[in-house]
Amino acid sequence: MAEERKQLWHGRFDTGPAAELVAFTQSLSYDQRLIFDDLRCSKAHVRGLHRGGLLTEEELGQVLGALDAVEMEFRMGQLAFVESDEDIHTAIERRVTEIAGSAGAKLHTGRSRNDQVATAFRSYVKRELAEIASRALDLVDALATRADQAGTGKDAAYLPGYTHLQQAQPVLLAHHLMAHAWALLRDVDRIADARVRLDVSPLGAGALAGSSLPLDPDGTAQDIGFARRFENSMDATSDRDFVAESLFVLTLLGVHLSRMGEEIVLWTTEEFGFARLDDSFATGSSMLPQKKNPDIAELARGKAGRLIGDLTGFLATLKSLPLSYNRDLQEDKEPLFDALDTVRLGLGAMTGMYATLQFDLERMAESADSPYAAATDLAELLVRNGLPFRDAHAVVGALVRTSVDDKVDLSELVQAEPLLGDAGVALLQPGVSVQQRSTPGGAGPGPVAGQREQLRERVAAERSRWSLGE
Ligand code: ARG
C-alpha cells in the first residue's frame, strides 16, 4: 500500500513513504491559508517561464487556466486533497497537472519548493501585517475618541496617575488613554519597518543555488508585487528573519494589549471602581449571579504568554540551522499563523471593549483629589518661592508625615506653613493639582490638548501610508 502514494519526488524512490512519515511531516493541515499567495506566485512564475521561452503561449494559457480552476475549486470547497499532497504547494501542482496535462507538468520548471514556499509565505505575511496595522489603528481611534469624550480642557476628566501602583500625581484621563495610543503607534511603525525588509522575492533561487534555465527573478518579483528580488540564493531560501521579526512585532503588540488588559482588570474591580464593562464586552459567572467578568482583558493578558512562546519557540527552531533550507523551517508557519490570529482577534475585542467602556468619572476624581496627591505641587510652590527642591521636598514630606501620624488635615498644616499659606491651600482644592502640569507632553490641560492634535496628525499619516502601501 505504501507503494501507491506518489510523491512529487517519487522518481528516485523504490517505494512510497510510510504512513507515519506522511502523518509527521505533512503541513497541508495548516498551510492551506497560503493557497491564494501560492497561486499568485505560481502565475508570476509561469509568466516568467514564458518570457524565457520555456513555455509556449498555448502552454502558458493552459497553466494559467488550470491555476484559476484550482482557485475556483478551492473557493467552492471542491478542491479534493489526496494523501500524497504534503502541503498546499504540492496539492496545487498535482491538481494543475491533472487539469493541464503535460503543460501543467512544466509548472515547477526552474523552481524548488524551497523558493516557492518562501515566496508564498512572504507574500501572505506582507498582506496580513498590513491588516494588523490597520486594526491597531482602529484601536488607536477608539482610544482617541474616548480621550475626546474625557476632554482636554479646564473641566476635563482626571484620575490618579500611578507609579509602583501607588497614587502619584493626578493626570487627565485623556492623557492616560493616549499613553496607550502612542505605544500602539510604535507597533504600527515597527510593522511598516519589518515589512520593508520582508519585501523581497526569493523566487528564482531554486533549491539553494538558482538554475541553469533562463529565469527572470526581477520580472517575477515585480509581477508578484515585491519591491525587489533576492541577492543571494542560499540566503533567499533559508532566511526566515521576516518570520522572527514579524513574531517580535506581534508579540510586543500583544504585550501592550496585555498591559492594557491588566489595567482594565484593575479599573473594573469593586476596589478601584474606575470603569464598568458594557454587557456585550463582559462575561458572567456560571455560579455567582452578581459577577461581571473582564474576560477580554484577562485573555489579552493571558494570550501574551502564548505570543512570547511563539516567538521564543521559533527562535529556538532557527538557531542551529546550517545553510540553506532545512525541513525544520516548515515550523515557521504555525507560530506565525497563531500570532497573527491571536493579535488580530485581540485587537478587535479590545477595540470594542474600549469603545463601550463606561468610566466612573466621579470615582476617578474623588480618588485623585486626596490632598496628598498635591504634595509635589506644594514642593514646586516652595521652589518658585526660592527654596532648593531637596529642601522643599523635606518640608512637604514632614507636613505629610505629621498629617498622617497626628491625623491632622494637611490643609491646616499647609495654612500654618509661612512659605505656603493661602497659595498652598488653594493647590489642595479638588481638580486644581492636575491643572498645574504644564510641561510639553505633560498631563495637564494645555499640553494634553496639544498632544491630541499631534496624535490626530500621526493617525492620519499612518492611515494614508497604509492605504497607499498595498
Ligand atoms: N511544506 C514545506 C515547508 O513549508 C515545503 C518545503 C519542502 N521542501 C523540501 N525540500 N522538502 O517548508
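Side-chain atoms are counted along with the backbone in the values below, which use heavy atoms only and exclude waters and symmetry mates. None of the values given here were measured: they were computed from a predicted structure. Atoms within a ligand are numbered from 1 in the order they appear, just like the ligands themselves. By convention here, the first residue in the shown sequence is residue 1.
- Contacts classified as salt bridge (charged side-chain N to carboxylate O under 4.0 Å, His left out) and involving residues 250-266 (residues at least two apart or in different chains) are given here: Glu262-Arg301.
- By the ring pair (Phe, Tyr, Trp, His ring centres under 6.0 Å) test, Phe74 pairs with Phe36, sequence neighbours left out.
- Remark: Phe230 pairs with no residue by the ring pair (Phe, Tyr, Trp, His ring centres under 6.0 Å) rule, at least two apart or across chains.
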Between ligand 1 and the protein, which N/O pairs fall short of 3.5 Å?
{"from": "ligand 1", "atom 1": "1 (N)", "to": "Ser27", "atom 2": "OG", "distance (Å)": "3.1"}
{"from": "ligand 1", "atom 1": "1 (N)", "to": "Asp87", "atom 2": "OD2", "distance (Å)": "2.8"}
{"from": "ligand 1", "atom 1": "1 (N)", "to": "Gln330", "atom 2": "OE1", "distance (Å)": "2.7"}
{"from": "ligand 1", "atom 1": "4 (O)", "to": "Lys333", "atom 2": "NZ", "distance (Å)": "2.5"}
{"from": "ligand 1", "atom 1": "8 (N)", "to": "Asn114", "atom 2": "OD1", "distance (Å)": "3.2"}
{"from": "ligand 1", "atom 1": "10 (N)", "to": "Asn114", "atom 2": "OD1", "distance (Å)": "3.1"}
{"from": "ligand 1", "atom 1": "12 (O)", "to": "Tyr325", "atom 2": "OH", "distance (Å)": "2.4"}

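- Asp216 has a carboxylate O that lies under 4.0 Å from a charged side-chain N of Arg51, or vice versa, which qualifies the two as a salt bridge.
- With salt bridges taken as basic N to acidic carboxylate O contacts below 4.0 Å, one links Arg47 and Asp223.
- Ion pairing between Asp141 and Arg135 fails under the 4.0 Å rule for side-chain N and carboxylate O.
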